[in-house]
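See structure below.
This one's a predicted model, so the numbers in the text were calculated from it and none came from an experiment. Order of the sequence lines fixes the chain letters, A, B, ..., with proteins taken first and strands second; residue numbering starts at 1 for each chain.
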Amino acid sequence: MAEVQYKDASRIYPGTDEPAVNKLNIDIPDGELLVLVGPSGSGKSTALRMLAGLETVNQGAVYIGGTDVTLKPPQDRDIAMVFQNYALYPSMTVGENMGFALKQAKVPKDERAKRVQEAARILDLEEYLDRKPKNLSGGQRQRVAMGRAIVRQPQVFLMDEPLSNLDAKLRVQTRTELSDLQARLGVTTVYVTHDQVEAMTMGDRVAVLNFGVLQQVDAPKTLYSKPANKFVAGFIGSPAMNLFDAESIDGRPAIGGVAAPISDSVAGQLGRVDGAAIGVRPEHLKLASSGIQGEVTVIEELGSESFVHVAIQHMGERTTIVVRDEGETETTRGQNVHVDFDGPIHVFDADGERVD
Amino acid sequence: MSAVTVDQLNDGGRQSAEDQARAAELKRLERRDGWRRRIPILPALIYTILVTQIPFLFTLFYSLTDWRIDTPDPRQFIWFENYGSLSGDTFFLDSAWVSVQMTVMAVLGSLIVGTGLAILLDRKFFGQGFVRTLLITPFLVMPVVAGLMWKLQMFNSTFGIIGWVMNQLGLEPVEFATRFPLASVVVVLIWQWSPFMMLIVLAGLQGQDQSVLEAARVDGATSWGTFRQITLPQLRPFLELGTLLGAIYLIQVYDHIEVIVGGQPGARNLPFYIAGRSIGGGNRFGLSSAYSIVVVLASIIIANIGLRVLSNLLEDDS
């Protein structure tokens with residue numbers, strides 16, 4: 001077990017100028033589950049593969065347990081990796097798959113068998129040890145891939161979208177099992193996903209990447225309540241935050257002709273409203289008797305809550321704002337409503353950075 | 001009450017008649033579908049029967065006669081006498097042994113060289129396509145031409161390249177084709193068949209899942225370990241295919257032997273010997289037919305054994 005550090009680590013693919021990962025700096029303390037999240041092409045998988053040694057680090061360095069491993073090959077880094085397609089060895093049985101790394105490390109046969117048994121017990125794979133991967137279901141294969149990692153008792157687990165090939169129900173179930181397993185084993189884990197719900201529910205901390213640049217790394221709660229910039233604000237949260245270019249009313253940022261109730265200090269720091277952006281999460285808006293005027297276009301009824309899409313006029317254009325309403329709402333499509341602010345408001349300056 | 005029952009019975013009868021008609025119609029459609037699939041391959045099938053199976057039956061018939069083209073006697077039916085003379089024919093047995101050695105060495109040799117080349121080619125480098133084309137060329141050379149090239153330009157002790165190199169090294173040049181006839185032929189066969197094996201193995205290598213190889217690296221396997229434990233088992237069907245096809249073709253080699261060593265005893269395989277017994281001057285068509293039949297059967301058996309042995313070799317490495 002060990003802490004992991006990225007220090008100004010960059011990866012530039014041959015034949016390109018734009019770095020796939022640009023000066024990444026993250027400190028991951030021992031035992032933490034850090035999730036790397038971002039849209040496709042954001043460099044999250046590349047960052048993970050740099051840590052694994054499967055991708056060259058062109059500039060900067062990566063450390064595992066305080067040792068600089070930048071130039072070490074994967075086999076000398078004491079890491080275990082779970083791949084998106086599991087990458088099980090097709091010609092070997094489940095047991096041989098799980099014991100492969102130990103065999104390479106010349107661990108004696110009975111010790112090997114014991115550790116494979118132990119891992120198989122944890123993952124409920126005991127009856128499948130003699131099967132070949134092709135005779136397993138997707139969920140079982142996923143568990144074998146996990147088993148192959150935990151048998152090794154490595155310093156760090158690396159997981160590259162390990163749940164993306166499972167169906168929705170199994171994914172949610174495996175998600176909690178995996179979090180629980182990681183917490184019990186206490187092994188530092190770097191977990192890559194494009195699914196922000198997975199990131200929020202699993203990560204001790206979440207690092208958001210976009211175009212190879214780290215946007216913010218924080219606990220899920222902080223990421224949600226204090227997004228560092230416009231990108232994070234729009235990426236984290238489902239349904240997404242309502243983000244608008246701010247219009248100016250009496251020098252204050254406003255949406256649909258209604259000034260947002262922000263503190264004087266925020267307004268003071270922001271200064272010019274021109275080019276700024278304003279964001280409100282659906283649950284921090286309410287349908288009220290006064291406020292932004294609009295017409296209901298869609299109602300997403302989820303039972304416990306509902307999301308009401310309201311068409312409003314903002315800066316001379318028709319756009320949609322999403323408002324959370326109570327479950328089994330009585331609001332109807334086509335109804336004329338007013339939307340009012342009911343909670344924190346996020347303000348971003350002309351560079352897209354958060355103003356607090 | 002009873003009326004209803006009769007009615008129901010009638011209804012049931014009508015339904016079963018309808019069911020039967022339906023079943024018959026379904027069967028008819030199925031049969032028509034079967035023919036629609038069969039008809040397109042019929043010409044090829046008939047052609048194959050005409051050019052392979054019918055001659056084979058003729059050969060089978062000749063093998064039971066004492067037909068010689070140089071005697072005026074009508075050919076007589078002598079049953080299995082030709083087959084009986086096989087065991088006493090030491091030339092036949094010698095040739096059979098040469099055939100086995102030649103085929104095994106050439107197949108294994110080209111498989112090893114071909115696999116090596118395939119591994120070298122299975123990576124990106126500048127001029128990859130050009131190099132691959134160059135490496136395939138030996139396979140495209142006509143067997144007779146290949147034989148002549150090696151005989152005159154490589155093996156020849158006076159003009160040959162090998163002789164020249166040995167001369168430069170201060171060694172006495174050797175007339176290879178005469179001194180080591182079997183080895184000389186095998187070398188040429190390996191040279192010519194390695195590209196074929198290379199192509200087959202390359203297809204196998206490129207079908208590999210890259211992340212499996214990466215997983216092996218992360219799991220601490222060395223390059224050799226990865227190859228032996230992950231790649232080789234996955235290549236198995238491709239190696240088997242190469243062995244089977246290679247053995248089928250190489251057991252029939254004739255041209256190389258004719259050109260390079262001209263039928264010296266040490267390198268005279270079965271096709272060469274049988275040809276010599278019939279059209280090559282022996283004119284003993286009945287006997288040669290019998291020998292041919294034996295060779296066909298032996299080829300099938302040897303190819304099968306070869307395949308089994310290779311499969312077992314690759315099956316288990318623990």
**OP:** Determine the minimum heavy-atom distance between B/Ala215 and A/Arg148, stating which atoms define it.
**Re:** CB-NH2, 3.6 Å

**OP:** Please say whether more than 12 non-hydrogen atoms of neighbouring residues, nucleotides or ligands are located less than 6.0 Å from CD in A/Glu111.
**Re:** yes

Original post:
Taking B/Val218 as the fixed residue, which of A/Gln75, A/Met81, A/Arg77 is the one that meets the side chain to side chain contact (heavy atoms under 4.5 Å, CB included) rule?
Top reply: A/Met81

Original post:
What is the minimum heavy-atom distance between A/Pro74 and B/Arg217, and which atoms define it?
Top reply: CD-NH2, 3.5 Å

**OP:** Heavy atoms only, distances under 4.5 angstrom: which of B/Asp209, B/Val212, B/Asp219 has the most pairs with chain A? Name it, please.
**Re:** B/Asp219

**OP:** Could you tell me which portion of A/Leu88 (side chain, backbone, both or neither) has an atom closer than 4.5 angstrom to a non-hydrogen atom of chain B?
**Re:** backbone

Original post:
Is the count of non-hydrogen atoms from other residues, nucleotides or ligands lying under 6.0 Å from B/Arg22 atom CZ greater than 12?
Top reply: no

Original post:
Taking the side chain as C-beta and beyond, is there a heavy-atom pair between A/Tyr89 and B/Gln229 under 4.5 Å?
Top reply: no

Subject >> Over 12 non-hydrogen atoms of neighbours within 6.0 angstrom of CZ in B/Phe130 >> reply: no

Original post:
Would you say B/Tyr249 has more than 12 foreign heavy atoms packed within less than 6.0 Å of its OH?
Top reply: no

Subject >> Under 4.5 Å from a heavy atom of chain B, the part of A/Ala80 involved >> reply: backbone

Original post:
With a 4.5 angstrom heavy-atom cut-off, which part of B/Gln234 approaches chain A: side chain, backbone, both or neither?
Top reply: side chain

